[in-house]
Amino acid sequence: MTAPRVRFAPSPTGYLHVGGARTALFNWLYARRTGGVFVLRIEDTDKERSTDAHTQVILDGLSWLGITWDEGPYFQGACADRHRTDAEWLLAAGHAYKDFLTSDELDAERAKAKALGAPFRYERAKCDLPAAERARREAAGLPYTVRFAMPQEEIAWDDAVHGRISWQGSDLDDFIILRSDGSAIYNMAVVSDDIAMRITHVIRGDDHISNTPKQIALYQALGHEPPVFAHVPMILGTDGKKLSKRRAAAAVGDYQDLGILPAAMRNFLALLGWSPGGNEEIIPQTEMIARFSLEHIQKKAAVFDPIKLEWMNGQYLSLLPVVELLDPVQRQLEMLGVSTGRDLAPLIDAVKARSRTVTHIAEQIAVRLDATRIVRDAKAEQLIAKLGDRFAVNLKLAHESLAACDAVNWHAAFLEGILKQLAESFGAKLGDVMQPIRIALTGGTVSEPVPELLTAVGRDESLTRIAGAIPG
RNA sequence: GGCGCUAUCGUCUAGAGGCCUAGGACACAGCCCUCUCAAGGCUGGUACACGGGUUCGACUCCCGUUAGCGCUACCA
């Protein structure tokens, strides 16, 4: 048996949708698992909507996810001649025929059927022109489309995820394969390309299930064995509807901007509709490849849960060494407009345990670097009210003790000693000493342990912030 | 309307006739840890859409119902 050849074939008509990304991931995983070849083909035949910029976004998105292609990108538009040649071969072989009906006439037929409440289907016997008129149009050199003569028999296949799926050819139209301008229609182009690229496994979204019998019929007419088909389920939004840009981030690039790590995104996407069979959630890439199989792909559509993605990202974040976060955090800080002159490593180290995304890390660092970003939150106000006079008193005492600490001793272990001693010396609860400092330094009630926070912000800046926070 | 696909906790899923009084994860609640939060540990609630078969036995097989989705273009 020769190595499988799979392909991902997006249309460059927009951003890289997470559903498309997952389809690409499954293809890639399958190729890597089986030692096969992953082909990237850009289906840019819709000239109206396809752009180079969109193509680039798709390429960037795949690269970001670590999905690498072995061949391509091929452009479907460049293969137009072959598509036409294949369609014309079908015509010559009697598997297709010319249809001289104009699109206006076709529309009229459709409208008529609709008025009668009957479903419209193109049937050659009923729709074709009378022989004389047909001959006249042909002789006059009028434009025509080429329709595929759908065989009136059962068309079935064993889908790798759904099992056997069967259609009756009689339920299918004689669909157009060549437009009147001579260009091929989607189903024709896909089959022509998949044959030319010797694709053995077509792994794609299950919205293509109903295209499959048409394509199989085309393979058979063309004298080629159809590939294995694997139709993977759709990805839905939290509302159970199709994931749309309006409701949630639907593009891979959005998650990149949100500070999601590619490894986390890949892991999350892989588990949306596929499962290795056990209880694991965090699955390293090598293991993912080793365990991937088409049989374990879910038949049912899956809801994309951004909360779980964030959780997973947090898991990856905690495993990631600080050095690897330097660049991503730097980029996010630049996007936030924070100028960074100092080593970010200790700052990242201080906040990353409490962060689920790179963006969240950057936001916290921004506050530690730039006092103007401090915002008193509701929890802080509540706590201040609850502490009453003690807020100002404890802050003042803390300021005195901390000011006595010189720069050389300004590190977490020493500062912790100072603060614990302070609390003990006048019988205050440790929290009543710590929390006011935390509020003074960040505006909030949540952060890394206060001694570490003081270190992250630095001695002089910390003292300034504490002094500034003392009421009165 | 026609044809097709699907149906386990709120969500992602495990489950290939007895291992299931249905397991894990996210989320949620409580407890522990603790200056706060996160992480971690422990505990808890919540699911086999419905109805018929088949079988000694059905979450698992078959049929029907219902619901959701897809396609039904000279779009891809």
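Each chain gets a letter, A, B and so on, in the order its sequence line appears, and its residues count up from 1.
A salt bridge between A/Glu281 and A/Lys308 is present, with a side-chain N of the basic residue lying under 4.0 Å from a carboxylate O of the acidic one.
In this structure, A/Lys300 reaches the B/U8 phosphate: one of its side-chain N or O atoms is under 4.0 Å from OP1 or OP2. Neither OP1 nor OP2 of B/C37 sits under 4.0 Å from any side-chain N or O of A/Ser447. Between B/A39 and A/Arg354, no contact under 4.0 Å exists linking OP1 or OP2 to a side-chain N or O. Contact annotation: A/Arg356 reaches the phosphate of B/A39 (side-chain N/O to OP1 or OP2, under 4.0 Å).
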For this session: Please step through salt bridge (Lys or Arg N to Asp or Glu O under 4.0 Å) for the pair A/Arg368 and A/Glu363, ending with a clear verdict.
Result: CA-CA 9 Å; A/Arg368 281 147 188 73; A/Glu363 283 165 354; over 6 Å; no

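Scanning atom types as modelled, no donor and acceptor separated by under 3.5 angstrom connect the side chain of A/Lys299 and the base of B/A7.
Residues A/Leu236 and A/Arg164 both approach RNA chain B. Their nearest nucleotides, taken by heavy-atom distance, put A/Arg164 toward the 5′ side. Nearest-nucleotide positions on RNA chain B for A/Gly278 and A/Thr145 put A/Gly278 closer to the 5' end.
Nearest nucleotide to the A/Arg438 side chain, out of B/U6, B/C74, B/C35: B/C35. Comparing B/G4, B/C75, B/G24 against the side chain of A/Arg49 picks out B/C75 as the nearest. Distances from the side chain of A/Ala302 to the nucleotides B/C12, B/A14, B/C74 place B/C12 closest.
No side-chain N or O of A/His83 forms a donor-acceptor pair with one of A/Thr45 less than 3.5 Å apart. Side-chain N/O atoms of A/Thr102 and A/Arg137 include no donor and acceptor closer than 3.5 Å.
At the heavy-atom level, A/Gly314 lies nowhere under 4.0 Å from the strands shown.
With both pairing distances under 3.5 Å, B/C26 is matched to B/G10 as a Watson-Crick or G-U wobble pair.
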